[in-house]
Number of protein chains: 2
Amino acid sequence: MHGEKRDVAHKILLAAVKVFDKYGLRKTTMRDIAESAGMSKSSLYYYFKSKRDILSSVVKQESLTLTRKLHHAIQQDISPQQKLREYVVTRMHLLFELSVYYASLSEAYLEQYSFIEQEREAFTAFEIDAVSKILSEGVLKGIFRGRDILAAAKTIIIIMKALELRLVISKSMDELDSTVDTMLEILFHGLETR
Amino acid sequence: MHGEKRDVAHKILLAAVKVFDKYGLRKTTMRDIAESAGMSKSSLYYYFKSKRDILSSVVKQESLTLTRKLHHAIQQDISPQQKLREYVVTRMHLLFELSVYYASLSEAYLEQYSFIEQEREAFTAFEIDAVSKILSEGVLKGIFRGRDILAAAKTIIIIMKALELRLVISKSMDELDSTVDTMLEILFHGLETR
DNA sequence: TGATTTTTCGACCAATTTAGTCGAATTATA
DNA sequence: TATAATTCGACTAAATTGGTCGAAAAATCA
């Protein structure tokens, strides 16, 4: 009749995201997750074998959401400039919502949950590929200068990561879009042919 | 030569605010505060007698900042409408920054730190007074209708508190100002004479 | 209906973390 | 140099942590 096992597991993950977002990974306890999911702590272990397991599932889920939406954002039939803008802005807004990627963790903690770093590295690889493709397209169309695409892509990603940090600190998205625009304005006039 | 006792105490409070903001009151430990302040945990007890003491000081400090800035915001020589707008917007932005008032705490936790509720109540009293004065001024100038000022003030404050909740949930201030404007538009056309 | 399976939870555990203490070391002051 | 102000490492008792287990409840099946 009602909820299957997978639905409850999903409900738990949603609850986990909520509290991860609130307290960060390190500070979130199984009790917090259970409370947020509206069930007993023991019941969590019926669906997940450990806290690490829940964490891992959340990370994988968020990572999937992130890449899927970013992929979709640059699939549109728009100019390379617009694509780059779309990518950066979408990325900003998504990362603002997704909790796990923002968790600033101590090295010791990351060691324990190594899959987070792994997932992050995989995401970086995706990013370099995605941005490189946008740049290549721009070069082919004679819009961007065709020097070292990989280096250019990496630079853009570094700048975006720097923006992430500012975002976390300010906790506001007010100036974000204009900052992105300013940044991209500079970026475009440096990349475009004349 | 360098830092007096009061300065260090102040430094500790700033560090405390930083981590309270990050983890919330409940999740913040003395170790967190000490780390954030760049000193040993034991040293904190040279300046404050307990965690409760630090918490209390932070709450009082934030409460003071809040009321002082709000008071200043409505001291300007502007129309009652502008004053009301100024009050609401300032309040929103300040509460977004101040960590303590947003801490959603369980009743059990609030019991332990009762001074938080006390300070909140004092703040509400200040608000009712401040908003009432703005409304009164508007009535005197023939701009607002002069029915039940106290009830009107309380209504405005309730609406602002509802906005607070939305603010916490969305964690973004993007739509906030326009929401405030929309709300005040409705509010003004209900309050103004004709 | 009664038997069986799925799901939930309270009670419990060992290990860690917590707020807070204390005396000794360090630093500044006189 | 003596004295006072400040810092901290080592410690404790109490609370909290992730995780276990078996029994109660619900849901499903016969």
Side-chain angles (χ1 to χ4, degrees), chain A residues 1-17 19-20 22-59 103 105-116, chain B residues 1-17 19-20 22-59 103 105-116:
Chain A
M1 190 118 283
H2 62 93
E4 279 188 32
K5 197 160 177 177
R6 276 181 59 182
D7 295 325
V8 181
H10 186 69
K11 189 185 85 182
I12 291 172
L13 289 185
L14 287 182
V17 167
V19 283
F20 284 151
K22 199 167 164 187
Y23 299 133
L25 298 186
R26 199 177 103 234
K27 291 277 181 174
T28 299
T29 68
M30 293 298 273
R31 194 165 167 266
D32 291 328
I33 299 172
E35 248 166 49
S36 175
M39 64 200 305
S40 87
K41 196 190 63 173
S42 335
S43 293
L44 298 182
Y45 288 91
Y46 183 71
Y47 298 95
F48 297 94
K49 73 168 195 249
S50 65
K51 185 185 177 182
R52 193 191 151 90
D53 191 21
I54 294 182
L55 221 64
S56 172
S57 299
V58 167
V59 169
L105 304 162
S106 70
E107 273 185 55
Y109 199 75
L110 269 180
E111 228 164 86
Q112 205 180 348
Y113 296 110
S114 53
F115 55 84
I116 294 176
Chain B
M1 189 119 280
H2 63 93
E4 280 187 29
K5 196 161 176 177
R6 274 182 61 183
D7 295 324
V8 181
H10 186 68
K11 189 184 85 182
I12 291 172
L13 289 186
L14 288 181
V17 167
V19 284
F20 283 151
K22 199 168 165 188
Y23 299 132
L25 298 186
R26 200 177 101 231
K27 291 277 179 176
T28 300
T29 69
M30 292 299 272
R31 193 166 167 266
D32 291 328
I33 298 172
E35 249 166 48
S36 175
M39 64 202 303
S40 86
K41 199 191 61 172
S42 334
S43 293
L44 297 182
Y45 288 91
Y46 183 69
Y47 297 94
F48 297 93
K49 72 169 198 250
S50 65
K51 186 185 178 184
R52 193 191 151 91
D53 190 21
I54 293 182
L55 219 65
S56 170
S57 299
V58 167
V59 169
L105 305 162
S106 69
E107 272 185 58
Y109 199 76
L110 269 179
E111 228 163 84
Q112 204 179 348
Y113 296 111
S114 53
F115 54 85
I116 293 176

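Every chain is numbered from 1, with letters handed out A, B, ... down the list of sequences.
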K.L.:
Salt-bridge test for A/Asp32 and B/Lys27: reply yes if a basic N is under 4.0 Å from a carboxylate O, no otherwise.
P.N.:
yes
K.L.:
Whole Å only: how far is the OH atom of A/Tyr47 from the P atom of D/dG19?
P.N.:
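A/Tyr47 atom OH is separated from D/dG19 atom P by 18 Å.
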K.L.:
Nearest whole Å is fine: how far is C/dC12 C1' from A/Tyr45 OH?
P.N.:
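Roughly 14 Å, once rounded to whole Å.
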K.L.:
In this structure, how many angstroms lie between the C1' atom of C/dA19 and the CG atom of B/Asp53, rounded?
P.N.:
13 Å
K.L.:
Give me the residues of residues 33-43 of chain B where at least one heavy atom lies under 4.0 Å from an atom of DNA chain D, by number, or none.
P.N.:
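Hits under 4.0 Å, by residue number: B/Met39, B/Ser40, B/Ser42, B/Ser43.
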K.L.:
So do A/Lys41 and A/Thr29 actually touch side chain to side chain, heavy atoms under 4.5 Å?
P.N.:
no
K.L.:
Side chains of B/Met39 and B/Tyr46: does their closest heavy-atom pair fall under 4.5 Å?
P.N.:
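Not in contact.
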K.L.:
Using atom CZ of B/Arg31 as one end and atom C1' of C/dT21 as the other, report the distance to the nearest whole Å.
P.N.:
18 Å
K.L.:
Mind calculating the distance between CZ (A/Phe48) and C1' (D/dG18) to the nearest angstrom?
P.N.:
16 Å
K.L.:
Distance check needed: D/dT6 C1' versus B/Lys11 NZ, whole Å only.
P.N.:
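Taking NZ of B/Lys11 and C1' of D/dT6, I get 11 Å after rounding.
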K.L.:
So do B/Val19 and B/Glu35 actually touch side chain to side chain, heavy atoms under 4.5 Å?
P.N.:
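No. Closest side-chain heavy atoms not under 4.5 Å.
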K.L.:
Between the main-chain N or O of B/Thr28 and the side-chain N or O of B/Lys51, is there a donor-acceptor pair closer than 3.5 Å?
P.N.:
yes
K.L.:
To the nearest Å, how far apart are A/Tyr46 OH and C/dC9 P?
P.N.:
13 Å
K.L.:
Report the residue (A/Thr29 or A/Lys49) whose heavy-atom-nearest nucleotide on DNA chain D is the more 5′ of the two.
P.N.:
A/Thr29
K.L.:
Could you check how far CG of A/Leu44 sits from C1' of D/dC21, rounded to whole Å?
P.N.:
16 Å
K.L.:
Does any part of the side chain of A/Lys11, heavy atoms only, come nearer than 4.5 Å to the side chain of A/Asp7, both counted from C-beta?
P.N.:
no
